[in-house]
J.: 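Submitted below is the structure of interest, expressed as structure tokens.
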Amino acid sequence: MNRRAQDALDAYTTPIIRAIKTIAVEQVFVSFSPQPSDSKVRVAEISSPQRRPLKLRTSERSTRLWLRFRVSLLIVEQADAPDTVGIELDSYSFQLFRGDGQARFDEIVTYHWTPNDLAAKRSWPHLHIGSAFIDPAARREPWALHKTHFLTGPITAAGFVRMAVEEFGVEPLTADWEQRLAAEPSTAP
Amino acid sequence: MRAHNPSPETDGELPDETGFEPDVIYLSPDEWMVLFERDVRDAFGVSAAEFVRRYRAGEYDDSDPDVMLLSVSITMYDAILAA
């Protein structure tokens with residue numbers, strides 16, 4: 001990958017990594033598909049390590065929260081300018097869990113968008129409420145509410161992190177977290 | 001796996017409980033594939049190829065958190081196989 005391509009990719013990946021690292025100590029995984037001989041497109045993926053959620057610190061010590069995320073990007077060589085590339089969002093999933101860190105992880109919310117996925121039931125960005133927080137005995141809410149796709153706009157990693165901090169009491173690891181998140185570009189993800 | 005820290009000036013700011021850790025681990029395609037296979041098998045008890053087939057056939061509940069996470073990786077899976 002040439003320098004311009006790397007710079008273009010960094011402009012997308014660095015904000016994601018910096019936002020996640022605002023609340024998560026552990027490493028982030030980054031991977032690239034091989035350069036295909038018959039295609040101008042490569043794939044980049046940024047994720048939390050495997051399926052294992054990342055532990056988050058919370059202001060309430062009794063509350064244990066966890067994060068998983070995965071973002072897929074397309075690196076597209078421009079046909080008329082081989083030295084330049086475009087970076088396009090392929091899909092994302094940002095997930096917040098509550099759990100004991102061992103056997104139990106209850107999904108609180110997932111922000112999900114797979115615009116290029118022909119098998120996806122919804123092509124627009126949406127969120128799912130975690131099923132563990134829907135009471136089957138409740139009189140008003142259907143117990144299948146977690147299957148509902150609630151429309152959202154495109155979500156950024158910085159926006160997701162801000163939500164986790166401000167709504168769920170996740171403790172940022174740096175004092176300047178607000179400036180860090182505010183400095184991130186608003187382009188998805 | 002290659003470790004890299006794209007912003008070394010921030011390390012000292014992190015109240016790291018586990019000691020120094022780099023921000024980023026770069027996975028080769030082979031390493032990525034091994035981990036994806038493991039993730040899929042842990043979550044669904046099938047191979048990655050079978051997971052992709054079942055996903056595309058609409059056989060999974062798309063509100064399952066593992067489906068929502070691992071389906072993001074299908075593009076990478078396809079790209080690695082095609083290379």
Side-chain angles (χ1 to χ4, degrees), chain A residues 10 13-14 17-18 21 25-39 41-51 57 68-72 74 90-93 95 97 105 107 110 112 114 116-122 128 130-131 144 146-149 173-176 180, chain B residues 1-7 10-19 21-36 38-43 52 54-83:
Chain A
D10 286 348
T13 59
T14 301
I17 295 166
R18 286 178 60 87
K21 295 293 292 182
V25 171
E26 296 170 78
Q27 295 105 327
V28 171
F29 280 6
V30 174
S31 45
F32 302 96
S33 67
Q35 179 67 54
S37 58
D38 57 348
S39 172
V41 180
R42 293 179 70 187
V43 181
E45 186 178 279
I46 311 161
S47 72
S48 44
Q50 303 180 258
R51 288 176 60 236
R57 296 180 185 182
R68 289 196 312 193
F69 79 99
R70 204 164 282 210
V71 177
S72 176
L74 303 180
D90 176 57
S91 56
Y92 67 62
S93 184
Q95 303 181 314
F97 293 85
F105 288 104
E107 178 199 22
T110 293
H112 192 217
T114 54
N116 297 327
D117 181 356
L118 298 178
K121 291 180 180 172
R122 301 290 180 269
H128 288 272
S131 59
H146 64 285
K147 293 181 180 295
T148 302
H149 305 80
L173 301 178
T174 62
D176 65 343
R180 282 180 177 227
Chain B
M1 296 184 190
R2 290 186 296 119
H4 174 59
N5 188 331
S7 53
T10 65
D11 286 343
E13 301 171 23
L14 297 177
D16 191 341
E17 291 177 336
T18 58
E21 289 184 338
D23 284 351
V24 176
I25 300 291
Y26 285 98
L27 303 178
S28 71
D30 288 344
E31 290 168 335
W32 183 95
M33 192 64 91
V34 167
L35 296 180
F36 184 60
R38 186 180 304 167
D39 281 348
V40 167
R41 197 164 291 282
D42 287 348
V52 172
R54 292 183 185 187
Y55 175 79
R56 288 185 166 140
E59 295 179 15
Y60 288 117
D61 176 356
D62 77 335
S63 65
D64 180 323
D66 283 325
V67 172
M68 289 189 280
L69 184 80
L70 296 175
S71 63
V72 169
S73 293
I74 291 177
T75 305
M76 176 67 85
Y77 177 79
D78 285 342
I80 292 174
L81 287 186

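Residue numbers begin at 1 in each chain, while the letters A, B, ... track the order of the sequences.
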J.: Can you name the nearest heavy-atom pair linking V72(B) to R70(A), along with the distance?
T.: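 Heavy atoms of V72(B) and R70(A) come nearest at CG1-O, 3.7 Å.
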
J.: Go through T114(A) and M68(B) one step at a time and tell me if the side chain to side chain contact (heavy atoms under 4.5 Å, CB included) criterion holds.
T.: CA-CA 9 Å; T114(A) 54; M68(B) 289 189 280; over 6 Å; no

J.: Given heavy-atom pairs under 4.5 angstrom as the criterion, report whether the side chain, backbone, both or neither of F105(A) touches chain B.
T.: neither

J.: Using the salt bridge (Lys or Arg N to Asp or Glu O under 4.0 Å) rule, collect all pairs that involve residues 68-77 of chain B, keeping only residues at least two apart or in two chains.
T.: none

J.: Rounded to the nearest 0.5 Å, how far apart are CD1 of I80(B) and CD of E45(A)?
T.: 8.5 Å

J.: To the nearest 0.5 Å, how far apart are CG in L27(B) and OG in S47(A)?
T.: 7.0 Å

J.: With a 4.5 angstrom heavy-atom cut-off, is it the side chain or the backbone of Y77(B) that approaches chain A, or both, or neither?
T.: neither

J.: L70(B), I74(B), D66(B), D78(B): which one forms the most heavy-atom pairs within less than 4.5 Å of chain A?
T.: D66(B)

J.: Which residue out of P65(B), A83(B), A43(B) racks up the most heavy-atom pairs below 4.5 Å with chain A?
T.: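 Result: the option with the highest number of such pairs is P65(B).
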
J.: Relative to chain B, which segment of A44(A) carries a heavy atom at a distance below 4.5 Å: side chain, backbone, both, or neither?
T.: backbone

J.: Considering non-hydrogen atoms only, spot the tightest contact between D23(B) and K21(A) and give its length.
T.: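 Reported closest heavy-atom pair: OD1-CE, 3.1 Å.
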
J.: At a 4.5 Å cut-off on heavy atoms, which part of D42(B) comes close to chain A: side chain, backbone, both, or neither?
T.: both

J.: Partners of T75(B) by side-chain contact (heavy atoms from CB on, under 4.5 Å), sequence neighbours excluded?
T.: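 In terms of side-chain contact (heavy atoms from CB on, under 4.5 Å), with neighbours along the sequence ignored, T75(B) is linked to V43(A), S72(A), L74(A), D90(A).
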
J.: To the nearest 0.5 Å, tell me how far F32(A) CZ sits from Y26(B) OH.
T.: 5.5 Å

J.: Show, in sequence, the C-alpha distance, side-chain angles and deciding distance for D62(B) and H128(A), and conclude whether the side chain to side chain donor-acceptor pair (under 3.5 Å) test is met.
T.: CA-CA 10 Å; D62(B) 77 335; H128(A) 288 272; 4.8 Å; no

J.: Between A57(B) and chain A, with a heavy-atom cut-off of 4.5 Å, which part of the residue counts as in contact: side chain, backbone, both or neither?
T.: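 A57(B) has no heavy atom closer than 4.5 Å to chain A.
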
J.: Take K121(A) and D61(B) through the test salt bridge (charged side-chain N to carboxylate O under 4.0 Å, His left out) and record every step on the way to the result.
T.: CA-CA 10 Å; K121(A) 291 180 180 172; D61(B) 176 356; 5.7 Å; no

J.: To the nearest 0.5 Å, what is the distance between CD (E107(A)) and CG (D64(B))?
T.: 8.5 Å

J.: V24(B) and side chain to side chain contact (heavy atoms under 4.5 Å, CB included): which partner among I17(A), T13(A), T14(A)?
T.: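 Per the side chain to side chain contact (heavy atoms under 4.5 Å, CB included) rule, the option paired with V24(B) is I17(A), out of I17(A), T13(A), T14(A).
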
J.: What is the minimum heavy-atom distance between F69(A) and L69(B), and which atoms define it?
T.: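 Minimum heavy-atom separation between F69(A) and L69(B): C-CD1, 3.9 Å.
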
